[in-house]
Amino acid sequence: MNMKKTENIKIFALGGVGEIGKNMYVVELDDDIYVVDAGLMSPENEMFGIDVVIPDVSYLLENKHRVRAIFLTHGHDENIGGLPFILRKLDAPVYGTKFTIALAKEKLSEVGVNKKQLLYVIDTDKTIRHERTNVTFFSTSHSIPGSIGIAFHTSEGAIVHTGDFKFDQTPVGNQRADIGKMAALGEEGVLFLLSDSTNAERPGYTASEASVANEMMKSFRQAKQRVIVATSLTHVYRIQQVIDAAVETNRKVVVLGRTLQRMVDVASDLDQLSVPEELFVSPQEMSKYSDSELIVLTAGTHQEPLLPFVRMLRQNDKFVGVKQTDTIIISVVPAPRNELPFSKIIDQLFRTGAKVIYGRQPVTVSGNGSQEELKFMLNLMKPTYFIPIQGEYRMQMAHAKLAAEVGLSKDRIFIVDKGDVIDYKKGTPSVSTKVPSGNTLIDGLGVGDVGNIVLRDRRLLSQDGILLVVVTIDKANRKIVTGPEIISRGFVYVRESEQLLREATERVEQLLIDSIRERTIEWSSLKLGMRESLNQFLYEKTKRRPMILPIIMEI
């Protein structure tokens with residue numbers, strides 16, 4: 001593979017380290033920038049009202065003329081969910097396998113980004129040739145079709161990103177880990193290995209998808225009435241297992257929700273799902289069948305995987321409500337920070353009297369490799385340097401420990417935070433610089449317009465509420481025309497706090513009278529005085545500090 005010699009290599013993460021999700025990694029070869037993945041993650045609990053979080057890509061935008069390509073390892077939201085928002089401001093070719101690109105196109109359509117011409121389909125036999133690198137790909141086993149690892153071949157050696165992977169000997173479908181290509185990369189020489197750390201704390205091997213198929217079939221056969229299955233929206237393999245079990249037990253499948261139906265249609269069109277004719281029935285046709293003939297397939301969002309059950313429990317779903325005779329299979333695990341609401345919904349499902357089957361096993365397994373598989377990958381690749389990625393800090397540390405166990409010395413292992421740049425020059429790597437990194441918050445149609453100040457205000461509103469103080473002043477005659485009127489939201493219940501609000505009103509009124517009589521009327525000074533006076537008074541009376549917004553109108 002002929003290519004120009006690379007003098008300087010830089011590797012850094014804009015997301016996906018020290019956290020779960022929001023994966024984005026950058027390989028910089030002299031003047032050329034290559035990006036791996038563009039994901040999102042669920043908002044943290046203190047990010048009130050935020051829909052999703054994507055990486056801060058200000059470095060890429062400042063250097064957009066140097067960005068040569070974006071490569072996608074697979075189609076989960078954690079890896080492609082941020083792509084539409086990034087392509088709004090960045091024009092770069094995007095490469096992924098057929099199913100990954102199909103999902104990326106759906107993401108672009110959802111937010112109205114018309115840049116599908118930038119998306120290119122590749123397979124694992126393809127080589128993308130650039131001046132300083134040739135990029136090759138290898139298949140991995142994961143919980144979604146079309147998952148791949150990526151190798152950047154340079155004059156200094158290969159830089160390999162594993163993507164998400166496990167070594168499943170009995171996977172659903174025909175995609176197996178291409179161990180031969182992985183071993184060949186190791187023999188050729190891997191300079192840096194960036195490897196998935198999601199399950200680095202879990203000993204042994206991750207269970208095979210075959211174990212889920214067996215348990216799914218067993219549960220379907222035991223169910224006397226209707227079966228409701230919850231899975232991840234993009235878990236095509238799990239959907240196939242439900243279809244296979246439905247055929248085996250002579251049941252019809254009802255796909256609940258337009259988004260899930262669209263996913264099934266896309267997967268079927270790309271031959272990623274094998275669906276017998278007349279297996280599916282619409283929700284409107286359910287009444288034509290007895291419960292013992294039906295399977296209801298549901299999927300929620302990345303943030304709320306059990307959202308369909310919330311609607312069922314509240315009787316808001318016009319087609320399906322949970323019955324005592326139902327068998328409910330929860331074949332999904334909660335995203336980090338969503339464990340509590342997830343467990344509460346499961347508790348409510350148990351209260352209906354339905355049979356609820358849930359937990360990591362036997363009805364769901366991870367799509368990521370455990371410790372023995374991570375060590376196997378390290379032994380296949382035999383990297384000179386190792387960077388654990390895709391996981392919280394403790395997972396990166398656990399992965400680093402595994403690397404040490406298979407023979408890598410500590411000075412060849414780099415545990416990085418977002419923005420930390422590994423700079424490789426003249427045969428020596430170092431971490432000496434940092435690029436801008438962090439979170440870009442998406443709230444509705446706004447991208448990045450909600451920052452720390454807005455979040456602080458939302459937090460204060462959630463804690464002690466708000467008081468509006470409205471007053472109209474005749475500035476010329478120096479007198480109050482109307483008000484002051486105090487409006488409370490989330491601070492106190494007005495009917496039970498009339499005396500408190502009356503005293504607060506009188507206090508503000510006296511302050512205004514004294515101020516407009518004694519000195520020049522300045523709105524900023526009046527508002528500040530009202531805030532300070534009310535803050536002190538209300539804290540003395542209630543030990544609370546609501547947000548106080550004075551509104552002064554002039555006539």
Side-chain angles (χ1 to χ4, degrees), residues 9-27 35-42 44 53-56 73-74 76 78-79 140 142 149-150 159-167 190-206 333 335-337 366-424 429-435 437-439:
I9 296 173
K10 293 180 180 179
I11 300 172
F12 53 92
L14 293 177
V17 292
E19 61 193 5
I20 298 292
K22 196 160 67 72
N23 292 300
M24 178 175 272
Y25 308 93
V26 177
V27 176
V35 181
V36 179
D37 287 337
L40 57 74
M41 74 174 186
S42 303
E44 297 174 358
V53 185
I54 64 173
D56 178 351
T73 60
H74 63 283
H76 280 150
E78 298 95 326
N79 301 81
T140 62
H142 189 41
I150 300 168
I159 301 166
V160 178
H161 185 299
T162 66
D164 290 55
F165 73 92
K166 67 178 181 179
F167 291 101
V190 173
L191 180 65
F192 283 97
L193 175 66
L194 289 73
S195 186
D196 170 28
S197 306
T198 305
N199 282 344
E201 297 176 297
R202 186 181 299 175
Y205 297 86
T206 298
V333 294
R337 298 177 295 274
S366 175
N368 301 80
S370 298
Q371 288 181 352
E372 296 305 313
E373 291 152 284
L374 300 185
K375 287 191 281 189
F376 184 43
M377 178 65 80
L378 284 160
N379 283 324
L380 285 172
M381 293 292 177
K382 297 182 285 191
T384 305
Y385 301 101
F386 174 57
I387 309 171
I389 59 168
Q390 290 186 191
E392 294 179 340
Y393 183 78
R394 68 180 190 278
M395 301 169 187
Q396 293 172 263
M397 286 291 292
H399 204 173
K401 183 179 179 182
L402 296 177
E405 289 177 5
V406 301
L408 263 72
S409 58
K410 290 185 178 180
D411 62 331
R412 295 182 179 271
I413 301 171
F414 293 88
I415 298 178
V416 296
D417 199 356
K418 291 184 291 292
D420 290 344
V421 178
I422 298 176
D423 203 337
Y424 183 82
S430 63
V431 181
S432 56
T433 58
K434 199 172 182 75
V435 300
S437 62
N439 296 329

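The first residue in the sequence is number 1, and the count goes up from there. None of the values given here were measured: they were computed from a predicted structure.
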Sub-3.5 Å donor-acceptor pair from the side chain of N79 to the main-chain atoms of H74, do we have one? no

Dump the intermediate steps for side chain to side chain contact (heavy atoms under 4.5 Å, CB included) on F386 and H399, then the final yes or no. CA-CA 10 Å; F386 174 57; H399 204 173; 3.5 Å; yes

Could you state the interatomic distance from OG (S195) to NZ (K375), rounded to the nearest 0.5 Å? 13.5 Å

For the backbone of G367 and the side chain of H142, can you confirm whether one donor and one acceptor N or O come within less than 3.5 Å of each other? yes

Backbone N or O of G391 within a donor-acceptor pair of the T198 side chain at under 3.5 Å? no

Anything under 3.5 Å between a donor and an acceptor, one on a side chain of residues 403-418, the other on a protein residue two or more places apart or in another chain? List them.
residue : atom : partner : partner atom : Å
S409    : OG   : D411    : OD1          : 2.4
K418    : NZ   : E19     : OE1          : 3.4

Yes or no on side chain to side chain contact (heavy atoms under 4.5 Å, CB included) for Q390 and Y25, after CA distance, side-chain angles and deciding distance? CA-CA 10 Å; Q390 290 186 191; Y25 308 93; 3.1 Å; yes

All heavy atoms of G369 vs all of N199, minimum pair found to be O-CB, 3.0 Å

From CG (D56) to NZ (K22), nearest 0.5 Å: 8.5 Å

Any donor-acceptor pair under 3.5 Å from T140 side chain to G149 backbone: no

Tell me the closest heavy-atom pair linking G39 and P55, and the distance in Å. O-CD, 3.2 Å

Heavy-atom pair of closest approach, residues S197 and P388: OG-CB, 3.4 Å

Looking at S366 and T206, what are the two nearest heavy atoms and their distance? O-CG2, 3.3 Å

Minimum side-chain heavy-atom gap F167-L380 below 4.5 Å: yes

Within this structure, what is the CG-OG1 distance for the pair L191 and T384, rounded to the nearest 0.5 Å? 5.5 Å

Atom CD1 in I11, atom CD1 in I387: separation rounded to 0.5 Å? 4.5 Å

Please identify each residue that fulfils side-chain hydrogen bond (donor to acceptor under 3.5 Å, both in side chains) with E201, with sequence neighbours left out. R394

Quick one: does Q371's side chain have a donor or acceptor within less than 3.5 Å of a partner on A200's backbone? yes

Separation between CE (M381) and OG1 (T162), nearest 0.5 Å, reads 7.5 Å

Check this for me: K401, atom NZ, are more than 12 non-hydrogen atoms of other residues, nucleotides or ligands nearer than 6.0 Å? no

Contact between V435 and V421 at the side-chain level, heavy atoms closer than 4.5 Å - yes or no? yes

Test side chain to side chain contact (heavy atoms under 4.5 Å, CB included) on V27 and F192 and set out the steps. CA-CA 11 Å; V27 176; F192 283 97; over 6 Å; no

Do Y424 and P429 come close enough that some side-chain heavy atom pair is under 4.5 Å? yes

Any side-chain heavy atom of Y393 sitting closer than 4.5 Å to one from M397? yes

Are T73 and D37 linked by a side-chain donor-acceptor pair shorter than 3.5 Å? yes

Taking atom CG of N23 and atom CD1 of I20, what is their separation to the nearest 0.5 Å? 8.5 Å

Check the pair D420, V17 against side chain to side chain contact (heavy atoms under 4.5 Å, CB included), reporting the backbone distance first and the verdict last. CA-CA 10 Å; D420 290 344; V17 292; over 6 Å; no

